[in-house]
**Student:** 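Before I ask anything, here is the structure I am working with.
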Amino acid sequence: NVKLVVYLRFKKSSEVCNFNLKLNEASYTVTCLYCLQVRKKMVEKYVREESMIRGPQFLTTLRSHTVWEHTPVKLYCTVEDVYVCSFTFSNMYSSGIPYRCETDDTAQYTAVAGNIHGQVSTQASVIVKICPPLLSSAVPMLLEIKYTKINITFLETFGSVFGIEGDTVTLAATMTATPNLANLQPEAQWFRDDHRLSDSKWVKIESARGKTKLTLPHLNKDDEGVYSLRVVTKGGDAVHSAFVSYGPPPVPGAPGAPMDIKIHDANRDYVIVSWKPPNTTTEGPIIGYFVDRCETGTENWVQCNDSPIKICKFPVPGLFEGHSYYFRVRAINSHGISKPSRMSDPIAALDPTEFERLHAIKLGGKLDVVIYHDDVEDGKKVPGTPSKLRASETDRTYVVLSWKPAPYQGQAPVWYYIEKCLAESGAWQRVNTQVPVRSPRYAVFDLAEGKQYLFRVLAANMYGTSETSEPTEPIQTQELRGVPSAPGQVVATRETDTSLLIQWAEPKEPNNLIGYYIDVCVKGSKDWASANHKPHKNNKFVVQGLTTGETYAFRVQAINELGLSDESQESSPLSVKAALTTPSAPYDIALLACDGESMVLNWKHPIHSGGSPVVEYYIDKHRHGEHTWREINIPPIKERLFKVEHLSAGAVYEFMVYGGSLAGLGAPSAPSKAFHCDAWTMPEPGPAYDMTFCEIRDDSVVVEWKAPVYTGTSPITGYFVDFAKKGSDEWHCSNESHVTGLEVGVSYVFRVRAANAEGAGKPSLASNPVVAKAVEGTEMTCTVDEESGDFILSFESCQITESSHFVWKKFYKEITDFSKGMVIKTEGNISKLIFKHPDQGDVGCFSVAVTNTDGVSASHEIHAEELEKMLAKSYGIRHPVIPLKTQLAYKILERGRMRFWLQAEHISSAVTYKFLANNNELSPTNPNHASHDVEAGIIEFVLDHFTEDSEGTFTVQIEDGKARGQSSLVLIGADFKAALADAEHQRSEYVRVKDGPHFSEFLSVHVGDDCSVALICLSTAFEFEAYLLRSNLIPEMASTGIYKATISDDRGKDQSQIEISGRLGFPFRSPGSSAAELAIHSTATGIQLQCHMKYYTEEMKIHWLHVERKLSHSEKVRIGGTPAMATMEIIEPTDRDKGLYHIQIIDTDKTYSRTIDLSGHGKPDDIDNRGKVLGGLPDVVTIMEKKTLSLTCTVCGDPKPQVTWLKNGAEVYTDDQYLVSLESGKFASLTIKRVSLEDCGRYTMTVQNKYGGESVDIVVSAYKHGDTIPQAKPTLTPKSIIPPKRPIEIPGPKVVTPAPSSAPSHVSSPAGAKSPTSPKGLKSPTPARSMKSPTPTKRK
């Protein structure tokens, strides 16, 4: 045997190695495939390591240095791992990095980086030498490195973005660098929540010279956060940030998608997936989650869990070794399933310890081979015992175990078995009996929560099984600790004019806290919305995108893997305004008066207040020729008018003014002009000051000012208002504060001069420019509040600044007296002047102006007439009346009790009421009873004893909030006697039925098929049915009279009687069988359907139907008849009235029906073409004497109708007094000239042609000049129809006669059945027990 050893070095480009070998003159060709397997393994190693979480690696290690003493040294290294949780830098002698080295700094320095998966270190030596004297003088020391300062200026930036899922979001910025050096261009770096971003599937970054752009091609929850652009230079960086928000969930009602999918502990056949739960501000609580997986290269998603899991971590078993997978998660609640989360990065199911079994074999020189231990071992050996078994991760229901394999002892494959045991039980149970474990890492699932377990492991191969390892220490699974407790107090502070900073206290029980969700709500509503859709880790958050001036409240929820905590308490409401800053400088310092020792100064308030009112001013003075500014006032000045004292006469002074607010002292004003301290002695007035403007319109403006401090030698008699175009010296004068004649859109400046008897004085300082242009939306509204009845003048400003405020005036004088109940209420850009106690003194012109705007103002004048109407409406609101559907009525109940009741339009549950009889309150307690029904609006009172003493007036008084109501019922005289008799009867009936024999049904009449009449009564006590009379009805009066029935025993007796009078034939004979087919008859107003029969009465049960719809009597349909037929008339028929018509005649045992089809027979042309009055005339006219009255209306008809006017029945003709006209056959009119009392009366207009017509009545009355206008009392006078001059013919219709429907056969006297209603003409002196007592009409 010859052993041939070949030493190989593999080239990177080689796939298959071929070489020739000569041995003993024999040539051999050797092909090596081993390098191909090694390359495959190395590629797999790279893929696996890329997809798995590993320990950190140093990309750049430390470099050793040898330097002279006092020389600066910087040691640096680069670590590739975003999961580094610790980093240390030390040496064996001292800690820290040497800056200017001393000889004692000579040492070996070590940098160590580590995370949960391991650590790595790098070392470097620093040798510090003493510089020789000659060299130290010849070689200068190295100075500190200073970089060129490059200033970055952003030209264009990006703002906050609010998008929805799937949107494409682009953030772009342009900048300039100063100085702009070609070899020192700044680097643009993008960050999201302080994590640097790089190009990926979900993030695209493009940078060029002077500009950069970041694109999110498909917006998702994971993309939400604060995006920062850092432009880095050698001398520093410039940063700009903005918030990118993800929109609401795309599935209505369903939760949002989970986010931040992470893969942990990847192994041969399982991985652990974790995620963060979504916010559920407006959705229902989350029930659980579904985890899906998809193998790379396919699009087949497979659900991993059958039922929803409640925690945000799930171990996914059953993976195939060597396959790569994507994972995603979906949330579910009672409304549905969310959209899936963004899928995870691909992960490979591989043994993480596989590469630990690789080792390199040195073959000599620089040659080595990387192989597995399995490939070099030989022998048939049983594997050794594993060691160092430990739990690398524990959870509630699973534990991840890892151990160290024994040194390998054979080529046979090795697998492992894991056994578990409950602590202190001693019963070991093998976990993986069916699936052998091939890597020294395994997750044991299905453990009990909060229990302690022992674990051990043993190795096995085809030759046997090793000994079991040492058991672990007791390992306890985690207990479910629940969601975090609610966060603490939430505090909102101002940030910008569109954002607020929210801070809160951390929860007392975090329970593995993941982050927080913040909810926002407008004050006064309950519509909470999510401010963030991705958990925020810190307890501070800036809520973006708020409305300036709106007031918001906030709340916070903590979150962990089990879900969301309870909401925190709501924060105090806070309006959105910019954070406070110091005010800008005052300006335009003016001298108003001087007496030689003091000066009166005035100035204009700062343009920008900084968010809080400027309430304090400080003045510095400076004497001409000096260089020092001195303070004048130590206490702050509250007004913009101040007298500076203790000045030197004849000296020249300059002044500066500072404004102060809550934010601090602002910048000083520019120095004033040089003012000479000489006493003013001129006779004319001094300058006015504090000019303001309101009512700015396209061609006018109202100027207001304050009177001069110095009035001169005589009182001020008036003012001159000068105005000029901006930039022009040509001044125009106006002697009114309302300046007119301005040009639209032109800017003007104004000044005011006061005048007295000596002439016009000094002009005021010129005002700020004012543009003569009306501002849109400067209308004031005047309303009456529907709740309180207050008068409200409301104004919404279209412009407003942080320092603006509303000034309300009456007759252009500021309102300062609020003793009458006036209240000014301002919220945001809306201000209201509220009159709590309006009266007649509120007539006048009210105006409002908004300061620090472009002259936004408005006015409204309340006239006396308008005030009267508003006062009446206010009184009605403040003293409301409960509307009633029905007035107080009564009903007799069983035992003779009296029920009083009424029905209101609506009442609330807080309604109160009381009943009174003759002004004495009735007790609602037993035996009486009072109640109400809120839904029906019914209030009732049951009076148990209604006696002769009850005669009088019954009243109910109702109070419901501020509303009140009352209703009365008068029961006196005959009305009271009838009610009392009915009550006594019901009381006696109750006693009769309860104590002795009685009729359950009184005498009644039954008609048989043979037209026989039976009088029937029924008594349940003796269970018999009595027939007192059977006879055939005949037209004669033979059967009329009074019939009685009596029942008695030893307890008492009962009697019933009935009177039969009138013609007997008509009421009793069954009419349905004699009904003829329906016939059509045309009338002057429409079409009449007629059904002839033997007889007809209104008491008969007859129904008319149109296409199965029951008709009832109305203005459109008139139902009636004559003794020989039933009729139904259709007034003014149209096409909608076409169709089948039915008449149903209902007898006691059968229903008869007749039908006719009017589909082809509409309204005749004769009816359409008759003369008609279309409208325009009143019912009543009242006019003053000597006025002209014109009565005009529109008429129609074909042919054109004739119009006739009648006065009190006499025809009116055209003369000097009357003018009758008919224009174009359509417009008819009657004109009465100089109306007098003789012209009063009833006027009738008749419109008629050959087909008929109509007539209308008008009542005319007149009154004399100065008399009270008489109240019109119109009477409803319908139009009178005039029949046609000839008969109207209608062709015969098609008649459809269906078979009569049979009714159930009549049972003559069923036990317990109700007796039918007695027909008309039959009277019984004993009223039925179910009869209602009539409600008497109210007496006046």
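When a residue number appears, it is its place in the shown sequence, counting from 1.
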**Student:** I'd like to know if the side chain of Thr472 and the backbone of Arg390 have a donor-acceptor N/O pair within less than 3.5 Å.
**Tutor:** no
**Student:** What class does the angle between the rings of Tyr516 and Trp504 fall in, given that below 30° is parallel, 30 to 60° is tilted and above 60° is perpendicular?
**Tutor:** perpendicular
**Student:** Which value, rounded to the nearest 0.5 Å, describes the distance between Ser392 atom OG and Arg441 atom CZ?
**Tutor:** 4.0 Å
**Student:** What is the distance from atom CD1 of Ile502 to atom CZ of Arg555, rounded to the nearest 0.5 Å?
**Tutor:** 13.5 Å
**Student:** Begin with the C-alpha distance, continue with both residues' side-chain angles, and end with the deciding distance and a verdict on ring-ring contact (aromatic ring centres under 6.0 Å, His included) for Trp275 and Phe314.
**Tutor:** CA-CA 9 Å; Trp275 59 90; Phe314 181 68; 7.6 Å; no
**Student:** Which of these passes side chain to side chain contact (heavy atoms under 4.5 Å, CB included) with Thr477: Thr397, Val399, Asp395?
**Tutor:** Val399
**Student:** Output the distance between atom OH (Tyr442) and atom OH (Tyr398), rounded to the nearest 0.5 Å.
**Tutor:** 13.5 Å
**Student:** Do Tyr517 and Pro535 make a side-chain contact, defined as non-hydrogen atoms from C-beta onward lying under 4.5 Å apart?
**Tutor:** yes
**Student:** Can you see which heavy atom on Pro277 is nearest to which on Asn560, and at what distance?
**Tutor:** CG-O, 3.7 Å
**Student:** Return the minimal non-hydrogen interatomic distance between Ile205 and Leu197, and the atom names on each side.
**Tutor:** CD1-O, 3.7 Å
**Student:** Mark yes when over 12 heavy atoms from residues, nucleotides or ligands other than Gln123 sit less than 6.0 Å from its CD; otherwise mark no.
**Tutor:** yes
**Student:** Which heavy atom of Leu75 sits nearest to which heavy atom of Arg63, and what is that distance?
**Tutor:** CD2-O, 3.8 Å
**Student:** Go through it in stages, so that I can follow the logic: the residues are Asp519 and Gln557, the test is side-chain contact (heavy atoms from CB on, under 4.5 Å), and I'd like the CA-CA distance, side-chain angles, deciding distance and then a yes or no.
**Tutor:** CA-CA 8 Å; Asp519 299 335; Gln557 284 181 282; 3.8 Å; yes
**Student:** For Trp190, does the six-membered ring have the charged nitrogen or CZ of Arg196 within the cation-pi criterion, i.e. under 6.0 angstrom from the centroid and within 45° of the normal?
**Tutor:** no
**Student:** Is a side-chain donor or acceptor of Ser341 paired with a backbone partner of Val329 at a separation under 3.5 angstrom?
**Tutor:** yes
**Student:** I want to check something: taking the side chain as every heavy atom from C-beta on, are Arg230 and Phe191 in contact at a cut-off of under 4.5 Å?
**Tutor:** yes
**Student:** Calculate, to the nearest 0.5 Å, the distance between atoms CG and NZ belonging to Asn512 and Lys313 respectively.
**Tutor:** 8.0 Å
**Student:** Between Pro484 and Ser565, which heavy-atom pair has the shortest distance, and what is it?
**Tutor:** O-CB, 2.9 Å
**Student:** Quick one: which residue pairs count as a side-chain hydrogen bond (donor to acceptor under 3.5 Å, both in side chains) with a foot in residues 300-309, not counting sequence neighbours?
**Tutor:** Gln303-Arg330
**Student:** Drop me the distance from Ser245's OG to His533's NE2, to the nearest 0.5 angstrom.
**Tutor:** 5.5 Å
**Student:** Ignoring hydrogens, what is the shortest heavy-atom contact between Lys420 and Leu447? Give both atom names and the distance.
**Tutor:** NZ-CD2, 3.9 Å
**Student:** Tell me if the centroids of the rings in Phe541 and Phe243 come within less than 6.0 Å of each other.
**Tutor:** yes
**Student:** Counting only heavy atoms not in Gln489, do more than 12 sit closer than 6.0 Å to its CD atom?
**Tutor:** no
**Student:** So, Ser485 side chain and Lys508 main chain: donor-acceptor pair closer than 3.5 Å or not?
**Tutor:** yes
**Student:** Give, for atom CD of Gln476 and atom CD of Gln452, the distance between the pair rounded to the nearest 0.5 Å.
**Tutor:** 5.0 Å
**Student:** Return the set of residues passing salt bridge (Lys or Arg N to Asp or Glu O under 4.0 Å) with Arg293 (not counting sequence neighbours), or none when no residue passes.
**Tutor:** none
**Student:** Taking it one step at a time, do Thr385 and Thr468 satisfy side-chain contact (heavy atoms from CB on, under 4.5 Å)?
**Tutor:** CA-CA 6 Å; Thr385 302; Thr468 57; over 6 Å; no
**Student:** With Asp260, which of Lys221, Lys276, Lys534 fulfils side chain to side chain donor-acceptor pair (under 3.5 Å)?
**Tutor:** Lys276
**Student:** Any side-chain to backbone donor/acceptor pair from Tyr325 onto Phe320? Under 3.5 Å, distance only.
**Tutor:** yes
**Student:** Evaluate Lys262 against Asp345 for salt bridge (charged side-chain N to carboxylate O under 4.0 Å, His left out), listing each step before the verdict.
**Tutor:** CA-CA 8 Å; Lys262 300 292 185 183; Asp345 294 329; over 6 Å; no
**Student:** Does a side-chain heavy-atom distance below 4.5 Å link Ser334 with Pro285?
**Tutor:** no
**Student:** side-chain contact (heavy atoms from CB on, under 4.5 Å) between Ile263 and Ile272: does it pass, once the steps are laid out?
**Tutor:** CA-CA 6 Å; Ile263 308 300; Ile272 296 176; over 6 Å; no
**Student:** Tell me, do Leu62 and Thr110 make a side-chain contact under 4.5 Å, heavy atoms counted?
**Tutor:** no
**Student:** Does Ile286 form a side-chain contact (heavy atoms from CB on, under 4.5 Å) with Ile332? I'd like the steps, not just the answer.
**Tutor:** CA-CA 6 Å; Ile286 293 177; Ile332 181 174; 5.6 Å; no
**Student:** Looking at Ser125, is its backbone amide N or carbonyl O close enough to the side chain of Ser64 to form a donor-acceptor pair, meaning the two atoms are under 3.5 Å apart?
**Tutor:** yes
**Student:** Is the number of heavy atoms from other residues, nucleotides or ligands under 6.0 Å of Asp199 CG greater than 12?
**Tutor:** yes
**Student:** Quick one: salt bridge (Lys or Arg N to Asp or Glu O under 4.0 Å) partners of Asp222, sequence neighbours excluded?
**Tutor:** none
**Student:** Heavy atoms, side chains only, cut-off 4.5 Å: are Asp223 and Arg192 in contact?
**Tutor:** yes
**Student:** Do Phe327 and Asp292 have side chains that approach each other closer than 4.5 Å (heavy atoms only, starting at C-beta)?
**Tutor:** no
**Student:** Is any side-chain heavy atom of Val120 closer than 4.5 Å to one of Val112?
**Tutor:** no
**Student:** Regarding Tyr417 and Arg430, do their side chains bring together a donor and an acceptor under 3.5 Å, going by distance alone?
**Tutor:** no
**Student:** Using side-chain heavy atoms (C-beta onward) and a distance below 4.5 Å, is Val444 in contact with Ile418?
**Tutor:** yes
**Student:** Shortest non-hydrogen contact from Trp428 to Glu419?
**Tutor:** CZ3-O, 3.7 Å
